[in-house]
Amino acid sequence: MEKNRDYFEKDDPIFLNKDLLQISHLPDGERIIGRDEQLSNLANVLRPATKGNEPNNAFVYGKTGTGKSLCTKYLSRQLIDTAASNDVRVGFAYIDCLQDSTETQVIQSIGQVLNDSSNTEVHFPGSGLPTSEYYNRLWTVLDTLYDVVIIILDELDKLTDVDNVLRLLPAAGEAEKIRHCKLGVIGISNKTRFKQSLGDRAKSALCDREFVFPPYDAEELCAILEARSDAFKDDVLEPEVIPFASALAGQEYGDARQAMDILRFSGEIAQEENVSEVRESHVEKAHHEAEKNQLHELMQQLTVQSHRVLRSLVILDQSTRSDRPVKSTEVYSMYIRVSEQVGGRVLSQRRVRDLLSELEFLEIVEQRRKGAGRGEGNYMENHLLDNSETVLEALNEESDEIVSNIQPAESLENTNQSNLVSKNNDSDS
DNA sequence: AATCCACTGGAAACCTAGGGCC
DNA sequence: GGCCCTAGGTTTCCAGTGGATT
C-alpha cells in the first residue's frame, strides 16, 4: 500500500489518504462504529456456515448510509477466512440489484461472480439463454465449487421479479436442485414498506430474521468521522469541523455516507481556496455540495428520458410562485416541448406516467392522487422533494442536453389549456 | 348519496436487440 | 447463415377511481 502513494498528492497540504473518506472503503473491524449489535446478530445468522452447515437467510433494512452493505460485506469476508481454516469452501456473491434489476440478470451475475470456468466447464453468456438454463448452470457451479454460498442482494427493492428469485434461491436445497452446497441469502433494502409488497413465500423465506439498522445519531457520526480523520494530515482539521459536519448530517437522516461526503468536500474546498486548514465555513459550503452530489448519484441511474421528465417538472416548479403541485398532464405537455427542443424520441403519456412514479420511488418526487370534482375527473399531483435549484444543478451536471428558457405557455390559473395541449398530442400519436 | 368524467394504472400486445443452436 | 428464443422497453387498450358538485 505504501508503495502506491500517489506522487501527485505529494504537495497536498490537506489530505494524507483521501481514500479513507470514500464510502466504498472497507475499514478494519474496530472502525465499524455503533453497529456491534447488528454485527453480532448477523454473525449468528451466518455462523453455521463456518462449519459447512446451512446458514440462515436474513433481511436487513435501514436508510441509506446506515452501514448495511458495509457490515454484510465485512462479515462475509471474515466468514470466508474463518471457514477456510476449517477446510470449508465458502463463496460469497454481492449483487447490487440496481445494476442487475431482473431475475435473469441477477442469476447470471451470481453465476459469473462464483464461477471458475476452468473447473466447471460452464459459462454464463450475457443473454440468449432461457432463465431456467441460467438457474441450472448456477446449480452446477455451486455444487462443483463450494460447500456454502452466501448471496447478498443489495437494493432488493429495485429487483423486478423479487418473488421469483426469493422463492427459488433459498429453496434450492429442498427442491434438490443442489445436492451438496448450502445456500444462504441476505436481502438488503432501504424501503421499510417494501416488505409488505413481497409474496408470502418470499416473505417467509427471508423475513423471519430481520435486522433494522437505525440512523446514526450525531455522536456516532462524530465517532465515525474521527475514526477516519487520518485521511487528513495532522492539525489540518480545526476542532469544530467534525462535530459540525456530524450535526449537519445528523439533522437530516443520520446518513454516514453524507457525513463523509461533507467532510471530504470540506477538505476539497479548503484545497481550492489554497488554505491549509479546514474550517467551519468550508463545512457549510460542503453541505450543499454533498446534497447535490447525492442527487447527482441518483440521477446517474436514470435514463435520458427520465432526465427530460424531471427537467420538465423542475421548469414547471420554478415557474410557479407558490408551492403549487404540478399535475401529471402538465408535466407531459412540458415534456413534449422539452423534447421538441432537444430532439429525439417522444414517449407516450402512459410511459411518462411510469417514469414519474419511478421518480417517486427514488424519493426525488412526491405524488398524491386527487379528484377534481364532479365531471372533472381525477389527477396526480407531483412535487419535488428537494429544492428545485439543487435538482437543476445536479441535472445539468448529469445530462449535456441544453434546454433554454422554456416558459409555460398557458397562464398558470388556466389549467384547461394544458389539458387541450395534451389532448391534441394524444390524437397526433 | 348519487353523479360525472379526465386521469390513473394494470394487462396485454408489440417491437427490438442480442445471443444460442443447428 | 438462418431460425428460434428471451428480456426489456414501450405503446395500446380499458376498467376503475376520486371527490366537488348536484
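Here is the naming used below: chain letters follow the sequence lines, and residue numbers restart at 1 for every chain.
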Length of the [atom1]-[atom2] vector between [X] and [N], whole Å:
X	N	atom1	atom2	result
A:N378	C:dT21	CG	C1'	16 Å
A:Y332	B:dG9	OH	C1'	16 Å
A:K370	C:dT17	NZ	P	19 Å
A:Y379	C:dA20	OH	C1'	11 Å
A:R374	B:dT3	CZ	C1'	4 Å
A:E133	C:dC5	CD	C1'	13 Å
A:E103	C:dG8	CD	C1'	14 Å
A:E376	B:dC7	CD	C1'	12 Å

CA sep, side-chain torsions, deciding dist, call: A:M260, A:L225, side-chain contact (heavy atoms from CB on, under 4.5 Å): CA-CA 7 Å; A:M260 269 188 264; A:L225 294 186; 4.0 Å; yes

Within 45° cone of A:Y61 ring axis and under 6.0 Å: A:K68 NZ or CZ: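 No - A:K68 does not lie over the ring of A:Y61 by the 6.0 Å and 45° rule.
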
Cation over ring face, A:K327 and A:Y379, 6.0 Å, 45°: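 Yes, A:K327 lies over the aromatic ring of A:Y379.
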
CA sep, side-chain torsions, deciding dist, call: A:I262, A:F244, side-chain contact (heavy atoms from CB on, under 4.5 Å): CA-CA 10 Å; A:I262 293 177; A:F244 188 42; over 6 Å; no

Can you tell me if the side-chain N/O atoms of [X] get under 4.0 Å from OP1 or OP2 in [N]?
X	N	result
A:R351	C:dT10	yes
A:S348	C:dT10	no
A:R353	B:dT8	yes
A:S328	B:dT8	yes

Position toward the 5' end of DNA chain B (nearest nucleotide), A:G375 or A:R350: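 Closest to the 5' end, via its nearest nucleotide, is A:G375.
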
Touch class at under 4.0 angstrom, heavy-atom based, for A:Q105 against every strand present: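 The residue A:Q105 makes sugar-phosphate contact but no base contact.
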
Sugar-phosphate only, base, or nothing, as touched by A:R368 at under 4.0 Å among non-hydrogen atoms: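 The answer is nothing, as A:R368 stays clear of every strand by at least 4.0 Å.
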
Within 6.0 angstrom of A:E366 CD, more than 12 heavy atoms from elsewhere: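 Buried by this count: over 12 neighbours within 6.0 Å.
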
